[in-house]
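Down below is the structure, laid out as structure tokens.
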Amino acid sequence: MNWWTGREHPVSTASGWAAVVVVSLVTLAVGAFGLRISRTTSDFFVASRSVRPLWNASAIGGEYLSAASFLGVAGLVLAFGADMLWFPVGFATGYLVLLVLVAAPLRRSGAYTIPDFAEARLESRTVRSMASALVVVVGWLYLLPQLQGAGLTLGTVTGAPAWVGAVLVAAVVVLNVVAGGMRSITFVQAFQYWLKLTALLVPLVVLLVVWRGDGSPSPAAGVGGTDDGWLLPLEGGGAQDLYRTYSLMLATFLGTMGLPHVLVRFYTNPDGRAARRTTVIVLALLAAFYLLPPVYGALGRVYASDLVESGRSDAVVLELPGLMLAGTAGDLLGALLTAGAFAAFLSTASGLTVSVAGALSQDVLGRVRLGSRQLGGVATFRLAALLALVVPLTIALSTERLAIASSVGLAFAVAASTFCPLLVLGIWWRRLTDIGAIAGLLAGGLASGGAVLLVIVDPDRAGWVGALLAQPAAWAVPTGFAVMVAVSLLTPDRVAPGVTRTMVRLHAPESLALDRGSWQPR
Amino acid sequence: MTSPPQRVRVTSPRTSARASRPTVGTQEIDAQTRVGEVYMHSLLRTQLRLGLTVLAVVIGPLAALPILFVVSPDVRAVSVMGLPLAWFLLAVAVYPVLLVAGWWYARRAEQAEADFVELVDRP
């Protein structure tokens with residue numbers, strides 16, 4: 001592993017370890033407690049009756065705000081400046097797109113997961129299996145930066161080598177998921193949102209007071225004048241920068257709806273209307289959160305610019321309190337930020353692991369036959385949960401270091417090139433066929449996935465090739481859409497026989513007494 | 001000894017029996033008649049048009065920003081509330097806009113659904 005090695009002078013060993021241990025233990029304890037509840041009844045069922053939109057929205061926000069949001073955005077803003085503001089803008093705008101195109105119909109479909117939706121809409125096991133395979137790919141890609149971020153965090157606050165944090169988060173998540181806790185404990189995820197917001201907001205207020213006390217030095221002050229390259233977007237003005245910006249916008253705007261752990265939470269809304277209202281509250285919660293990380297990035301420009309040279313800008317959020325405040329105050333704020341970061345890894349990684357393990361156990365391992373025995377049930381799910389984490393952990397420990405937010409960007413690109421066409425066309429276009437969906441998923445998946453693979457193997461390609469591979473969405477998303485539409489039009493006799501009924505199910509308000517078909521999620 | 005009181009037939013009002021029967025509009029949709037198809041088409045078209053309108057209004061200007069920044073670079077540094085315009089728009093102003101757009105969309109979509117229910121759910 002060479003993406004990060006332990007810091008020689010850790011920020012605050014004792015309070016840092018304390019924060020990590022407390023968050024991990026609380027998570028495990030709540031998981032064990034949740035096990036007792038979730039054993040008796042389906043939490044989805046309970047939640048759908050009793051969860052108010054604000055709690056539901058907090059839970060969605062808690063699961064969504066990952067290491068990329070908590071650490072990565074500030075690190076990128078510190079290192080590269082205004083161009084990176086598109087990341088949080090995209091992460092939030094993705095929810096507006098999700099709201100207007102898929103939120104209510106997806107809730108009405110009754111599907112728990114994207115593979116469920118594919119099966120219900122296209123009446124095809126093959127499309128379901130492909131969607132499951134893609135859930136695994138996107139989930140692994142998204143788990144990768146969570147584990148990297150955990151290694152970075154633990155290394156920063158305790159000086160431990162990077163693999164320790166990654167292994168620790170993976171172990172806590174596996175224990176939790178295998179025990180069956182946390183799975184869909186809405187309350188825990190909701191709490192995670194407010195913990196993350198507090199952990200970012202309180203230290204920031206203190207740091208801004210210190211900054212004012214220092215005479216409000218400008219973050220953009222460079223050698224001999226203003227550092228325009230950092231302060232202003234697209235300062236190079238080149239076509240490549242423009243391409244990267246647009247491709248990133250496309251990936252984040254359209255990729256959010258395809259993240260495997262996002263859709264499950266929508267099922268806890270009682271109906272389509274509530275799904276919409278919940279999403280609006282999610283927008284408000286995300287808007288409040290995303291105001292904060294860029295400020296950390298800008299403050300880092302003043303107080304922690306040496307992090308950029310040492311290639312550790314992702315640690316800026318964690319290091320700022322120690323650099324700006326001496327003594328106990330800095331230690332305590334640092335510990336609070338560490339707790340928030342760990343909460344981010346644990347909540348997002350748990351949600352992803354459950355989604356990936358679900359897809360693996362239902363549609364991959366569940367089909368495997370050992371002699372006359374067919375795999376299935378709880379044991380298979382546990383095996384799948386282990387697999388779900390071991391693969392990204394191995395990649396995290398062996399690849400070159402990628403910036404946290406940019407590897408998250410790759411997961412968004414794959415989701416946008418595959419699941420976005422599947423969901424949008426499936427919901428709004430009745431002529432989508434199973435063959436068309438398969439072809440489109442293959443085309444979009446191979447295009448974006450191939451690019452991602454090349455980037456992971458060698459992240460440092462320059463020029464146009466580097467730009468096209470690092471930000472594949474701008475060409476992979478249109479490819480996915482175009483192939484899906486064209487092949488569907490070529491195979492009109494493959495339109496699902498029940499499409500009319502399915503459209504009623506997806507779009508008609510629940511108050512109408514209508515025949516919505518008999519499909520049930522597995 | 002008086003004669004017993006005359007028997008009176010007690011019946012329930014007929015209104016509830018009527019209401020439980022499916023309405024004309026929902027029957028058309030369930031039977032997948034041409035009329036039912038037209039109902040569903042109009043609902044889908046209304047909702048899709050509403051969604052695309054919101055996206056065009058919000059994402060259109062957002063997508064125009066990078067082009068604007070390249071075409072006239074001086075705009076980026078114009079000071080708004082102490083921030084360069086680019087920072088003001090991307091780090092602050094965009095979020096309230098997203099929220100208002102989402103809120104407006106949810107309201108209009110609910111209205112469209114209420115209209116649809118009124119159209120279809122007649123005896």
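Every chain is numbered from 1, with letters handed out A, B, ... down the list of sequences. Reckoned from all heavy atoms, side chains included, excluding hydrogens, waters and symmetry mates.
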Under 4.5 Å from any heavy atom of chain A, what part of [X] do you find: side chain, backbone, both or neither?
{"X": "Pro73(B)", "result": "neither"}
{"X": "Ala114(B)", "result": "neither"}
{"X": "Val94(B)", "result": "side chain"}
{"X": "Val58(B)", "result": "side chain"}
{"X": "Glu113(B)", "result": "both"}
{"X": "Ile67(B)", "result": "both"}

- Message: Is there a side chain to side chain contact (heavy atoms under 4.5 Å, CB included) between Arg277(A) and Arg107(B)? Walk through the geometry before answering.
- Response: CA-CA 9 Å; Arg277(A) 293 186 168 191; Arg107(B) 251 185 43 152; over 6 Å; no

Over all heavy atoms of both residues, which pair between [X] and [Y] is shortest? Give the atoms and the distance, please.
{"X": "Leu62(B)", "Y": "Met249(A)", "value": "O-CE, 3.8 Å"}
{"X": "Ala91(B)", "Y": "Leu291(A)", "value": "O-CD2, 3.3 Å"}
{"X": "Tyr95(B)", "Y": "Val89(A)", "value": "OH-N, 3.4 Å"}
{"X": "Val100(A)", "Y": "Tyr105(B)", "value": "O-OH, 3.4 Å"}
{"X": "Val280(A)", "Y": "Gly102(B)", "value": "CG2-O, 3.5 Å"}
{"X": "Trp87(B)", "Y": "Gly81(A)", "value": "CZ2-C, 4.5 Å"}

- Test item: Asp30(B) side-chain N/O and Leu514(A) main-chain N/O as donor-acceptor pair under 3.5 Å: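 Between the backbone of Leu514(A) and the side chain of Asp30(B) there is no qualifying donor-acceptor contact (under 3.5 Å).
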
Which answer fits [X], side chain, backbone, both or neither, if we ask what part of it has an atom under 4.5 Å from a heavy atom of chain B?
{"X": "Arg501(A)", "value": "both"}
{"X": "Val295(A)", "value": "neither"}
{"X": "Thr93(A)", "value": "both"}
{"X": "Leu99(A)", "value": "both"}
{"X": "Tyr290(A)", "value": "both"}
{"X": "Leu242(A)", "value": "side chain"}
{"X": "Met503(A)", "value": "both"}

- Task: Could you tell me which of Leu283(A), Leu231(A), Leu286(A) has the largest number of non-hydrogen atom pairs under 4.5 Å with chain B?
- Result: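 Highest number of pairs under 4.5 Å: Leu231(A).
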
- Query: Which one of Pro294(A), Pro233(A), Ala287(A), Ala82(A) has the most heavy-atom pairs closer than 4.5 Å to chain B?
  - Reply: Pro233(A)

- Message: Could you go through Leu89(B) and Leu85(A), starting from their C-alpha distance and side-chain angles, then the distance that decides it, and tell me whether this counts as side chain to side chain contact (heavy atoms under 4.5 Å, CB included)?
- Response: CA-CA 10 Å; Leu89(B) 290 177; Leu85(A) 294 173; over 6 Å; no

- Query: Is the shortest heavy-atom distance from the side chain of Tyr39(B) to the side chain of Val504(A) under 4.5 Å?
  - Reply: no

For the [atom1] atom of [X] and the [atom2] atom of [Y], what is their distance to the nearest 0.5 Å?
{"X": "Met40(B)", "Y": "His507(A)", "atom1": "CE", "atom2": "NE2", "result": "6.5 Å"}
{"X": "Ile427(A)", "Y": "Leu48(B)", "atom1": "CD1", "atom2": "CG", "result": "10.5 Å"}
{"X": "Leu55(B)", "Y": "Leu101(A)", "atom1": "CG", "atom2": "CG", "result": "5.0 Å"}
{"X": "Leu44(B)", "Y": "Trp429(A)", "atom1": "CG", "atom2": "CH2", "result": "14.0 Å"}

- Item | Leading residue by heavy atom contact count with chain A [cutoff under 4.5 Å; candidates Leu90(B), Leu99(B), Val92(B)] |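 That would be Leu90(B).
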
- Message: For a side chain to side chain contact (heavy atoms under 4.5 Å, CB included) check, start with the C-alpha distance between Phe69(B) and Thr245(A), then their side-chain angles and the critical distance, and finish with the verdict.
- Response: CA-CA 12 Å; Phe69(B) 291 159; Thr245(A) 302; over 6 Å; no

- Query: Do other residues, nucleotides or ligands put more than 12 heavy atoms under 6.0 Å from Arg108(B) CZ?
  - Reply: no

